[in-house]
Amino acid sequence: MRHVRRSAILLVILAIILGGEALLAGLTYGYVTPGPDTWYRKDVEGFEYAASLVGAQVVVLNSDYDTEKEITNINTLVNMGVDGMCVFSFNPNGAFIAARKPRKQEYSSC
């Protein structure tokens, strides 16, 4: 009986893992990176790798350490309608705008 319970639990866990992967497949995430440095490139590669594991697409935009370009990149991703966004900001304004922008977009479409 105990062996049957373990098998059932393992099957449920496997179903959750596979189901979660299926839910993420087909999603598109945006990633705003602050600059072209090796450190930031490695971070992008890690994000892309994790997305590839679940079949998600990634759109990467580089801000080149320009505050205005970072804001434009955030707006571009919001206008594209990505399913999620990761912003690695080099200044507090970019992080603040990224956190507020999607919420404003949702409310303005209601």
Side-chain angles (χ1 to χ4, degrees):
M1 185 66 164
R2 190 176 209 180
H3 190 64
V4 172
R5 244 187 276 166
R6 276 193 196 153
S7 297
I9 290 171
L10 287 175
L11 285 174
V12 168
I13 291 171
L14 183 62
I16 290 170
I17 291 170
L18 294 177
E21 185 174 325
L23 290 174
L24 295 175
L27 296 179
T28 301
Y29 292 98
Y31 191 103
V32 178
T33 183
D37 295 349
T38 303
W39 164 259
Y40 298 125
R41 184 65 211 151
K42 290 295 181 186
D43 195 59
V44 169
E45 288 172 4
F47 191 85
E48 290 173 325
Y49 174 72
S52 73
L53 292 177
V54 294
Q57 301 296 317
V58 178
V59 176
V60 178
L61 301 176
N62 191 327
S63 299
D64 295 315
Y65 304 111
D66 181 345
T67 305
E68 290 302 316
K69 190 171 181 181
E70 184 173 80
I71 294 167
T72 300
N73 288 341
I74 293 167
N75 289 331
T76 299
L77 292 175
V78 169
N79 292 335
M80 286 176 66
V82 295
D83 298 298
M85 184 185 321
C86 178
V87 179
F88 195 151
S89 185
F90 63 97
N91 70 74
N93 288 336
F96 180 75
I97 290 167
R100 292 181 50 93
K101 189 66 175 177
R103 204 173 328 143
K104 284 184 180 178
Q105 188 74 9
E106 281 180 17
Y107 293 144
S108 66
S109 65
C110 291

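Side-chain atoms are counted along with the backbone in the values below, which use heavy atoms only and exclude waters and symmetry mates. Note that the structure is a prediction, hence the values are computed from the model and not measured.
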Next item on the list: Can you sort out the partners of T67 under side chain to side chain contact (heavy atoms under 4.5 Å, CB included), two or more places apart, ordered by chain and number?
Entry: I71, F90, N91

Next item on the list: Sequence neighbours left out, what passes side chain to side chain donor-acceptor pair (under 3.5 Å) with D83? Give chain and number order.
Entry: none

Next item on the list: Would you check if F47 and Y29 make a side-chain contact, meaning some heavy-atom pair closer than 4.5 Å?
Entry: yes

Next item on the list: With rounding to the nearest 0.5 Å, note down the distance linking OG1 in T28 to CE in M85.
Entry: 12.5 Å

Output a table of donor-acceptor pairs, distance under 3.5 Å, between side-chain atoms of residues 58-65 and any protein atom two or more places apart or on a different chain; print 'none' if there are none.
residue : atom : partner : partner atom : Å
N62     : OD1  : D64     : N            : 2.8
S63     : OG   : N73     : ND2          : 3.2
D64     : OD2  : K69     : NZ           : 2.6
Y65     : OH   : D37     : OD1          : 3.3
Y65     : OH   : D37     : OD2          : 2.5

Item checked: Pairs involving residues 45-62, ordered by first then second residue, that meet salt bridge (Lys or Arg N to Asp or Glu O under 4.0 Å) (sequence neighbours left out) -> R41-E45, R41-E48, K42-E45

